[in-house]
Structures are given as C-alpha cells and as structure tokens.
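To start, the structure under review is shown below, and the notes come after it.
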Amino acid sequence: MNWEGVWILAEQRGGRVQRISHELLTRGRELADKRGGKLTALLLGRAVEQADLDELIARGADRVLLVEDEALENFRPEPYMQVCRRMIEKYRPEIIIAGATSLGRTLMPFLAVQVNAGLTADCTILDIEPETGNLLQTRPAIGGNILATIKTPEARPQMATVRPQSTRPAAKQAGRRGEIVRETAAGVDLSSGVALVRFVGNEDAVNISDARKVVAGGHGFRTSEKFRMVYELAELMQAAVGGSRDAVDRAWITYPHQVGLSGKTVTPGLYIAIGISGAIQHLAGMQTAETIVAINNDPEAMIFNVADFGIVGDLNEIVPRLIARLKERRKAAR
Amino acid sequence: MKIIVPIKQVPETAAVKMDEKTGTMVREGVEAIINPLDLYGLELAIELREKFGGEVTALSMGPPKAETALREAMAMGCDRGVLLSDKAFAGADTWATSYTLATAIGKLGEFDLIICGERATDGDTGQVGPAIASFLGLPVATYISKFEERREGAVRVHRLVEDGYEVLDVRLPCVLTVVKEVSNPRLPTLGGKIKARQSEIPVWTAASIGADPEKLGLKGSPTRVVKIHKPKVSRQCTKMAASDEASADKAVEALVEFLDKRDLI
Ligand SMILES: Cc1cc2nc3c(=O)[nH]c(=O)nc-3n(C[C@H](O)[C@H](O)[C@H](O)COP(=O)(O)OP(=O)(O)OC[C@H]3O[C@@H](n4cnc5c(N)ncnc54)[C@H](O)[C@@H]3O)c2cc1C
Ligand SMILES: Nc1ncnc2c1ncn2[C@@H]1O[C@H](COP(=O)(O)O)[C@@H](O)[C@H]1O
C-alpha cells in the first residue's frame, strides 16, 4: 500500500479544538490540493465538542480521524505517540504536520523516531516539489539569518512542525462536506510515566506564542514603573506583552514573556518593540512577525533593520501619546 | 542520583556562515562554546548531585575539539565527560544524532535522569531530547522550568506550556528538557578547571558503542538540506523622527494611520 494523503495533527484542550488546528488546515489544504489528495485532521482527546469537529470539516478537512479515550484527555507523550503510531500504520499518510507548540514539539520527535520518519522543526513555508511530490520544508535557521529548505527523499511519512501564527486560520465554508471517522484506542498501550498533578494558568490570559499582536518592552524603559506602560499599551491594542531578556533579567516581566533565542519565538501579525535595541538574539525570536514597529531613541538601533515602521525618539514622550491617542479612538468608537 | 547531560558544542557568534553548496555550517574560525541553553541543564544536574549524591556525566557528540566543551562542563562540577567522535557521525540530523546519543547512553550503565537543553542555538530544533527518550523507551517531559522535588521513583517538575505550567510527576528513569528558568548556571572554579584539565576524556566511536552504521551520520538521516537562502528583506522601514512635541504628535499620528491601514488596531 502506498503512502498517501496529508494529515494535520489537530489539538484540543478541555474538549475544545484549538486555533492552531485551523491554521494547520490552511497549510494542509494547500498541500493536499497541490499533491492531489485528501486532507485528514487527526484528533486525540476525550469528549470533544461535536460542533468543533464539524468546524474542522467546514474549514477544509475532508476527514476527521477522531480517537477518544479517558487516557487521551490531556497530552502525555507515550499514549499520544502510541495512538498516532497505530493510526499511521493503519492509514499510511504521506505527510503529517503539527503545530510547533509545546505539544507538537514534544510529540512529533517522540513519534518520528518510532515510525522512522524525517522531521523538520518550526517550518514557516511548506510546499510540494512538482517533479517528485516531496514535501519542501523551509525554516529559519541560525537565528533567522538564513532560510533552509529541507526535504525527506526516502522515508515516509514526511513530518514537520509549523510555527503558530505563521498563517491565517482556514476560513469556514458553509455546506462543505467531509466524514468523521471514530477510531478506537482499544489494544493500544495507553500507560504513561508522566502524571499531571495540576495545571496552573498564567496570571495574564494572553500567551505570547500564539498571540496575534505582541507589544514588547526592553531596557529602554529604565524602571519597572515605566515598564507598566507596555502593559497599558498592550491592553488597549488587545495584544500580549513581551520583553527582551534585559527586561526579564530586571524582573520587570516574567520569563514566559521573554522573546528571543533563549525565550520564545513569536510570529504575530504585529510586533511592537519599544526600547529594545534589536540584539541578534532578540531578533531571532521575532523577525518573522508580519508587521514590525520599533520605537527607539537611537537611530542606529538594529531593531530598525527589521522594522516596517519606526519612530526615532524618547519612548517617554511617544508611548504616553500613543496610549492617549488609542484611548481617544476607543471613546469615539463607543 | 546518576544523571547524564547531553551537551552540544555550538559556534559562539551569531555570525555563522553556511556553505551554500553543501548546506552545512562552516565552523572554521568561529569560537566554539557549550550550547548556552545546556548550561541550565548542567547546573540542575550538579545541584541534584550535591543534594542527593551520585554522579553527573556530560556526553557530547561532535568533532574532536568538542572535548573542550566537556572539560568546561567538568570544570563546572561534572564528574566525567564522554566524547562521541567518529567520521561516521558527521552530517547527522536530529534522528541520527539522537540514535547515536541514545546508543551511547545505553553503554553508560544505569542512570536515573537524562537532562537536555531545550534546544541547541545552532540547529535550533529541540527535537533531540524527546527523540532520545523515544529511542530509549523512556518517559519525557519538555520545557521544565522548575525541579520541585524527588519522590518515590519519580520527580516532580513544572513544565511550561503556552498558557501556564503543568505540575508533573515523571517516573524515573526519564528524560527532561529544561528552560532557562530552571537554574542559575555557576561559573567554573579554579579547582574544577585543574581537575578538568587532568581528567581523561574517553572518545567513543561508532564501533565502541556498537552502533548500526546504517543509522549514523548523513547516511542515517532521513532529512536532507536541499537549499540555503537569505530571507528576502522586503521590509522598507518608514522612519519618523520625534525630537520635540510637534514631531512626536506627528509620528504617533502616522503610526496610528499605518496600523489602521493594515487593520492592526
Ligand atoms: C546566549 C544568549 C541568549 C540570549 N537570549 C536572548 C533572548 O532570548 N531574548 C533577548 O531579548 N535577548 C537575549 N539575549 C541578550 C541580547 O544579546 C541583548 O543583551 C538583549 O536583547 C538586550 O535587551 P534590550 O534591547 O532590552 O536592552 P539594550 O540592548 O540595553 O537596549 C535598550 C534600547 O533602548 C533604547 N532606549 C534607551 N532609552 C530609551 C528611551 N528613553 N526611549 C527610547 N529608546 C530608548 C536604547 O537606544 C537601546 O537601543 C541573549 C544573549 C545571549 C548571549
Ligand atoms: N551533538 C550533540 N551532542 C550532545 N547533545 C546534543 C547534541 N545535539 C543536541 N544535543 C542535546 O539536545 C538538546 C536539543 O538540541 P536540538 O534538538 O539540536 O535543538 C541540546 O540542548 C542538547 O542537550
């Protein structure tokens, strides 16, 4: 039997399908259409909302492969891997893509070893090579300074993780048809050496890796009081808050908000960098954002090299003005 | 506790060059350091040994000069270093790298924990830790930000995820990959440096770990780099100077307009 079809690994939390799944459908649909095959969304969980399953089809899946079990409620590497392996052996997909999320970046390498597949991390561009039908996987490497295109000539399936926010979620199409296939995990070893004791949510709800907008501040703010302006601006813009390592080291903001080489990589639609010099390690985490705005009083700051719009000036003058201006707009809109 | 810390030697600067023909990195003339993110793993391992006793082994696969990374790890306080070096390992992707590391770990004897860095700053995949676990059939927990306590046959750790953290009990032996928050790496001591200089660092080859040659290096790697290119810098920065009140107002107004046009407000 040949390897065929494109799979996306959909993600659910608490029975609700996550946005990353819809972004993956955009990618998967493109690939399936180019390759001329079926697009399948594989979803593991427990008691997933029916409406969310239908939505996967409305947004581009031809088939939803659903495996539900108590043991699959939360992600744990071994049972998730075992179930995926069983499904891969049964259906033999040619391509599997997952989000470069805490789940995808853990499960995919754990799984790839078991099915002898090649795996490329953190892709930003996926395409099909016309002559061979191979998946072309392009990812930023060495701090985003270069793009490397990788392929897996022999091994199947071809696996890749894709950066969250690097594409738009697929649009819903009314009346789109597809099938929902319920598969059983019976006979699969669902035991795990990992037990979830509890989950502790972030104090602030917005998380930077999959935020559509990020407002980030750096050393230029000088004090933690001044840094509060970043939060205020972010709130007005409905953005998540990020920080440079300097800001994190000074405890103006916590580590989960750090953007860059030793922090998180973000690919939002908008990234506003304020009082951040744009050290190569910081750029590594944000230069693939769609639109970048920089505010810095040093006209030579590196951050301007990657910005679409820059203001050269004192952030203490500019940020309060911007905040005031946005508040005005908000009032006017009411 | 017996702990193994796989560490990678990476080029120091961000100004690494690529060989456009072969698609591999040009490492000559660039200073090599321990992958900065591996230092947090080394520190955690040393702290755990100080608390519970045992032994910390640093393990690295790389060219002969990767020995210096292992000596640095020993200067920090690791008990021993093992270098995996063989022409057959060259050109390995994460699959072949983790196969090689896992096979070598199998030769190291009993252990409780393997601690990897979250990712290497050059390859930047973060795949090797979970892949080692997969080869060895061990549980894995990634993005560990805190080691809470050692329990009966398990460790309690915090795992950073997108919207918070999970508190997990992970059965031993297991693989952890750690983020920066997990520890504050110490500097090497003078005594440590002396000890490191005097220590033997065994070099293991494909034959000495009994690896399957088909699974090593470029040959054993399912993936191939086919093209290296510079990202298109299509950004044209509109720069506005804001040196006084009037120009600041103007710049803010222009920014709001810019964002509005792109539907970003
Ligand atoms: C291995 C390694 C990993 C690293 N990982 C990361 C990482 O993940 N993330 C990260 O961010 N960094 C990282 N760094 C650190 C990085 O090299 C920089 O030191 C850091 O990004 C600098 O932060 P900053 O831009 O906030 O501070 P600075 O470099 O001090 O820049 C502050 C900027 O603010 C501007 N400024 C000052 N006052 C004002 C004002 N009143 N108005 C407007 N502008 C003003 C200045 O002109 C300057 O450009 C890493 C370094 C190493 C070696
Ligand atoms: N060649 C290597 N030798 C030893 N450890 C490695 C090697 N490559 C990767 N690792 C380990 O795996 C982690 C993740 O690396 P990577 O998957 O390449 O981003 C690193 O932080 C190291 O702990």
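Order of the sequence lines fixes the chain letters, A, B, ..., with proteins taken first and strands second; residue numbering starts at 1 for each chain.
The two residues A:A160 and A:M108 make their nearest non-hydrogen contact at O-CE, 3.4 Å.
The part of A:A117 that comes within reach of chain B is its backbone (N, CA, C, O), which places non-hydrogen atoms under 4.5 angstrom from that chain. Only the side chain of A:P77 comes within less than 4.5 Å of a heavy atom of chain B; its backbone N, CA, C and O stay farther away. Residue A:T101 touches chain B through both its backbone and its side chain, counting heavy-atom pairs closer than 4.5 Å.
The residue among A:I150, A:N74, A:V197 with the most heavy atom pairs within less than 4.5 Å of chain B is A:V197. When A:R212, A:R329, A:Q258 are compared by the number of non-hydrogen pairs under 4.5 Å with chain B, A:R329 comes out ahead. Interface check for chain B: of the options A:A121, A:G310, A:G313, the most heavy-atom pairs under 4.5 Å are formed by A:G310. By number of non-hydrogen pairs under 4.5 angstrom with chain A, the leading residue of B:V157, B:L264, B:V161 is B:L264.
Side-chain atoms of B:R159 and B:T142 include a donor-acceptor pair closer than 3.5 Å. Between A:N316 and A:D314, the side chains place a donor N or O and an acceptor N or O closer than 3.5 Å (distance only, hydrogens not considered).
Taking the ring axis of A:F199 as reference, the NZ or CZ atom of A:R13 stays within 45° of it and closer than 6.0 Å to the ring centre.
Residues B:E253 and B:K250 are not paired through a salt bridge, judged by the lack of any N-O separation under 4.0 Å between the basic side chain and the carboxylate. Look at A:D210 and A:R19 and you find no salt bridge, because none of the NZ, NE, NH1 or NH2 atoms lies under 4.0 Å from a carboxylate O.
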